[in-house]
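Input: a single structure, listed below in structure tokens.
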There are 2 protein chains.
Amino acid sequence: MTSKYERANASDGQSRIPDIVIGRLPIYLRSLKILLSQGQTVTNSQELGDRLGISSAQIRKDLSHFGEFGKQGTGYDVAYLCKQLEKILQVDCIWPVVLVGAGNLGHALASYAGFENRGFRIVGVFDNQPDKIGTHVGSLQVEPLTQLPAHVARHHCRIAILAVPTKAAQNVANLLVEIGIKSILCYAPITLNLPEGIRVEYIDPVIHFQHMTYYLEKDCLKT
Amino acid sequence: MTSKYERANASDGQSRIPDIVIGRLPIYLRSLKILLSQGQTVTNSQELGDRLGISSAQIRKDLSHFGEFGKQGTGYDVAYLCKQLEKILQVDCIWPVVLVGAGNLGHALASYAGFENRGFRIVGVFDNQPDKIGTHVGSLQVEPLTQLPAHVARHHCRIAILAVPTKAAQNVANLLVEIGIKSILCYAPITLNLPEGIRVEYIDPVIHFQHMTYYLEKDCLKT
DNA sequence: ATACATTTGTGCTAAAATACACAATGGAAT
DNA sequence: ATTCCATTGTGTATTTTAGCACAAATGTAT
Ligand SMILES: NC(=O)c1ccc[n+]([C@@H]2O[C@H](COP(=O)([O-])OP(=O)(O)OC[C@H]3O[C@@H](n4cnc5c(N)ncnc54)[C@H](O)[C@@H]3O)[C@@H](O)[C@H]2O)c1
Ligand SMILES: NC(=O)c1ccc[n+]([C@@H]2O[C@H](COP(=O)([O-])OP(=O)(O)OC[C@H]3O[C@@H](n4cnc5c(N)ncnc54)[C@H](O)[C@@H]3O)[C@@H](O)[C@H]2O)c1
């Protein structure tokens, strides 16, 4: 579905940076931006690691894939490292995102104010139920699914949020791919089957719960 | 060969099963339950792997940590493997969960019907804003935060969902730990600092988006 | 009964990820 | 100017994770 290594290291055309490293960068960025908002100007791999529960060596090695951002003896300039990470992740801009499914979850997402200052904006909300269409969610109005292709084309959307019922998810995902979406954040509790080159990430709280319960002392309600 | 399995706690130095293996079991279970609901009685590691984008060997090896569940030449009985995975993950029961934060996201979660048949039930919703208290979310009524400790004790809750604003998240998390919560699913975009032994899992859609954009052709709005 | 087709469970190998440890560097103090 | 200290960036070692490949088991067809 998604090849793990797609982008070359800037300094070496051959080498690829492990996806697991890329996956940690947004965590670093999130923490750095909190430091920045608190007025801290300098940090170091130890401090950042302590905050995140990651070893300092891990952080240094991850960053070293992309360049030298720190100063020996001092650490990292918070604002500078933020900027660099935003550039690496390509979030030094605002990506337009379409949201499909204007149900309970869709409403929460559409009215969420925390996307914009981290690089994303929901530019359209779509549903196939007549009674949903025209209703307001956040600052947007729900549009019919038939408008989705034109909307994606007009806004050059490459990212979609899938917040439809499980039974509709695969079909809607197929449609999204057909009209040019490259990355899907899927909230439906199902693994989608999509062509190579389409990246799908999943959010399913129950997966997290079931992971947690493995480690808990059993003390739950009998069924 | 080892038909017994042990809980992989931190103290369990000898025979602990890698956390990454535990993390895949809920994915297997989710897929198996879909097969089951479609009436399929038998599957095999190849089919399951194809559906999930995981190698068949990986699946067999993961399962082999816990026992022998398959039949050579045939594969796995879907219902039986489901039952076994539910037992291993300790979701052959219903875990009571408390939800803190009755905002947009809290509403979506509280009214979500998909928890119960996968082992979880939200038994209380809490908020500290007077205007939220008493309002209905799903089938529950929002209670004041002051009621939380008694509620957790009464229901023997060990799991909490944290859906409060970022700036309140750490404080509320500290409270949750004090009153006996062992596992937290945190929706606030922040890494919590909590004592050893408390498990926290995070859901932050922006982390997923920023991971995706690394691999996308840059074609987003300039800021 | 025998041959054949499948698929598991697993010992071993390969690859990936993480941790260690330290030379090199920059800044502060004396 | 020199010493001292903190911290980076990275070569190497260790640990963890994934993949390979096949004997053993099971069912089916002849
Ligand atoms: N609500 C939650 O907190 C929550 C939690 C976990 C997972 N989920 C998952 O997220 C998804 C959405 O959940 P929800 O609670 O918002 O459900 P919902 O039923 O409230 O909303 C689903 C929306 O999708 C629309 N829809 C249905 N078929 C469609 C189609 N073919 N094309 C476009 N729109 C379509 C419906 O009209 C509805 O508005 C579900 O898959 C659910 O399992 C939700
Ligand atoms: N809405 C989304 O789709 C979405 C998406 C991503 C992340 N999040 C995150 O999830 C969290 C909740 O988001 P939301 O959109 O529901 O926000 P919200 O503002 O709608 O709701 C937050 C709720 O928490 C309550 N609250 C505040 N302080 C509290 C405290 N100390 N104790 C108890 N309750 C308290 C508020 O009264 C409010 O009801 C936030 O951290 C947000 O960043 C939300």
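Remember, predicted model here, so these are calculated numbers, not experimental data. Just so we're on the same page: letters track the sequence lines, and every chain starts at 1.
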Donor-acceptor pairs under 3.5 Å, side chain of residues 49-59 of chain A to any protein atom, not counting sequence neighbours: which ones?
residue, atom, partner, partner atom, Å
Asp50(A), OD1, Gln46(A), NE2, 3.1
Ser55(A), OG, Gln58(A), N, 3.1
Ser56(A), OG, Arg60(A), NH1, 3.3
Gln58(A), NE2, Asp62(A), OD1, 3.4

Atom CZ of Arg16(A) and atom C1' of dA15(C) are separated, to the nearest Å, by 18 Å
May I have the step-by-step check of side-chain hydrogen bond (donor to acceptor under 3.5 Å, both in side chains) for Asn174(A) and Glu178(A), ending in yes or no?
-> CA-CA 6 Å; Asn174(A) 292 343; Glu178(A) 271 170 38; over 6 Å; no
Which whole-number value in Å describes the distance from Ile17(A) CD1 to dA16(C) C1'?
-> 15 Å
Once you round it to whole Å, what is the distance between C1' of dT15(D) and CG of Asp19(B)?
-> 16 Å
Between Asn104(A) and Leu109(B), is any pair of side-chain heavy atoms under 4.5 Å apart?
-> no
Contact letters for nucleotides 19-30 of chain C, in which S counts primed atoms plus P, OP1 and OP2 and B counts the base, heavy atoms under 4.0 Å | B-B--BBSS---
Under 4.0 angstrom, heavy atoms only, what part of the nucleic acid is Ser56(B) near: base, sugar-phosphate, or nothing?
-> nothing
For Gln46(B) and dC20(D), what is the distance between atoms CD and C1' respectively, to the nearest whole Å?
-> 14 Å
With Tyr76(B) as reference, evaluate Val42(B), Leu63(B), Thr41(B) under the side-chain contact (heavy atoms from CB on, under 4.5 Å) test and give the passing residue.
-> Leu63(B)
Look at atom NZ of Lys33(A) and say whether more than 12 heavy atoms of other residues, nucleotides or ligands are closer to it than 6.0 Å.
-> yes
Here the distance between atom P of dT17(D) and atom CD1 of Ile59(B), to the nearest Å, is 17 Å
Before accepting this row, confirm whether a basic side-chain N of the pair Lys218(A)/Asp92(B) lies closer than 4.0 Å to the acidic partner's carboxylate O.
-> yes
Whole-Å distance between dT10(C) P and Asp62(B) CG?
-> 13 Å
How would you label the contact of Leu63(B) with the nucleic acid (heavy atoms, under 4.0 Å): base, sugar-phosphate, or nothing?
-> nothing
Candidate nucleotides dT8(D), dT17(D), dT8(C), ranked by approach to the side chain of Tyr76(A) - the nearest | dT8(D)
Protein-nucleotide distance (Asn44(B), atom CG; dT26(D), atom P), rounded to Å = 17 Å
Answer whether the closest heavy-atom distance between the side chains of Arg118(A) and Leu29(A) falls below 4.5 Å.
-> no
Length of the NE2-P vector between His65(A) and dT8(D), whole Å = 17 Å
